[in-house]
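First the structure, in the form of structure tokens, and then the observations on it.
As a basis for the values below, the full set of heavy atoms in this structure was taken, side chains included, without hydrogen atoms, waters or symmetry mates. For this chain, numbers begin at 1 and follow the sequence in order.
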Amino acid sequence: MTIQELAALIGGTLQTKTVDTSREVTCGYCCDLLSWVMAKGREGMAWATVQAHMNVVAVAVLADMSCVIAAEGVQFGADVIEKAEEEGVALITTDLSAYHVAGRMHEKGIA
């Protein structure tokens, strides 16, 4: 599944306009503790969280994640979006909870 397909699946809005949305999402993760995500993050991961600050982008870059999903209507600031675009990390927002995001990904075979 691509980032663009994932955004559509979760009723999400892509916040980064210059990031390649054809990149594959190979796995998913839900967590709000950054140090935990740093230890568990993997290449190609779609990370669902309610964290939306600059450090989220840094963690995603460290693990070469495909995208970060801000759940429950949380919004990324303009500075965070700008940094994510510089680093090539897609940011998606959705009104769904991280639980429901994970459920939809799981239904489509993303583990």
To the nearest 0.5 angstrom, please state how far the CE atom of M38 sits from the CG atom of N55. 9.5 Å

Does any non-hydrogen side-chain atom of H100 lie less than 4.5 Å from one of I10? no

Atom pair CD/CZ of Q51 and F76 - distance to nearest 0.5 Å: 10.0 Å

Check this for me, if you would: do E86 and K83 make a salt bridge, where the nitrogen-to-carboxylate-oxygen distance has to be below 4.0 angstrom? yes

Please tell me if the side chains of H53 and L34 come closer than 4.5 Å, counting only heavy atoms from C-beta onward. yes

For the atom pair CE (M54) and CG (D79), what is the distance rounded to the nearest 0.5 Å? 4.0 Å

Any side-chain to backbone donor/acceptor pair from D32 onto V50? Under 3.5 Å, distance only. yes

List the steps and the verdict of side chain to side chain contact (heavy atoms under 4.5 Å, CB included) for E5 and T2. CA-CA 5 Å; E5 291 167 336; T2 66; 3.2 Å; yes

In this structure, would V25 and L96 fall into the same cluster of hydrophobic residues linked by side-chain contacts under 4.5 Å? yes

Under a single-linkage definition using a 4.5 Å side-chain heavy-atom cutoff for Ile, Leu, Val, Met, Phe, Trp and Tyr, are L62 and Y29 assigned to the same hydrophobic cluster? yes

Measuring from E72:CD to S97:OG, what's the distance to the nearest 0.5 Å? 5.5 Å

Within the structure provided, determine whether V89 and V68 are in side-chain contact (heavy-atom separation under 4.5 Å). yes

Are I92 and V59 connected in the hydrophobic side-chain network, where two residues link if heavy atoms are under 4.5 Å apart? no

Do I110 and V101 share a hydrophobic cluster, counting only Ile, Leu, Val, Met, Phe, Trp and Tyr and linking them when any side-chain heavy atoms are less than 4.5 Å apart? yes

Spacing of R23 atom CZ and M65 atom CE [to the nearest 0.5 Å]: 10.5 Å

Any non-hydrogen side-chain atom of M105 less than 4.5 Å from a side-chain atom of L6? yes

Roughly how far apart are T26 OG1 and M45 CE, rounded to 0.5 Å? 7.5 Å

Going through the distances and angles, do D64 and R42 end up as a side chain to side chain contact (heavy atoms under 4.5 Å, CB included)? CA-CA 7 Å; D64 194 23; R42 296 193 322 215; over 6 Å; no

Which heavy atom of G41 sits nearest a heavy atom of A63, and at what distance? C-CB, 3.7 Å

Pairing donors with acceptors under 3.5 angstrom, does anything connect the side chains of T16 and E85? no

Is the shortest side-chain heavy-atom distance between Q75 and T93 below 4.5 Å? yes

Report the C-alpha distance between W47 and I69 in whole Å, list the side-chain angles of each, state the deciding distance to 0.1 Å, and finish with yes or no for side chain to side chain contact (heavy atoms under 4.5 Å, CB included). CA-CA 6 Å; W47 171 26; I69 303 159; over 6 Å; no

Would a 4.5 Å heavy-atom cut-off, applied to side chains only, mark L14 and L91 as touching? no

Do V80 and V57 touch side chain to side chain, with heavy atoms closer than 4.5 Å? yes

Which heavy atom of V74 sits nearest a heavy atom of A52, and at what distance? CG1-CB, 3.5 Å

Is there a side-chain contact between I3 and D20, using heavy atoms and a 4.5 Å cut-off? no

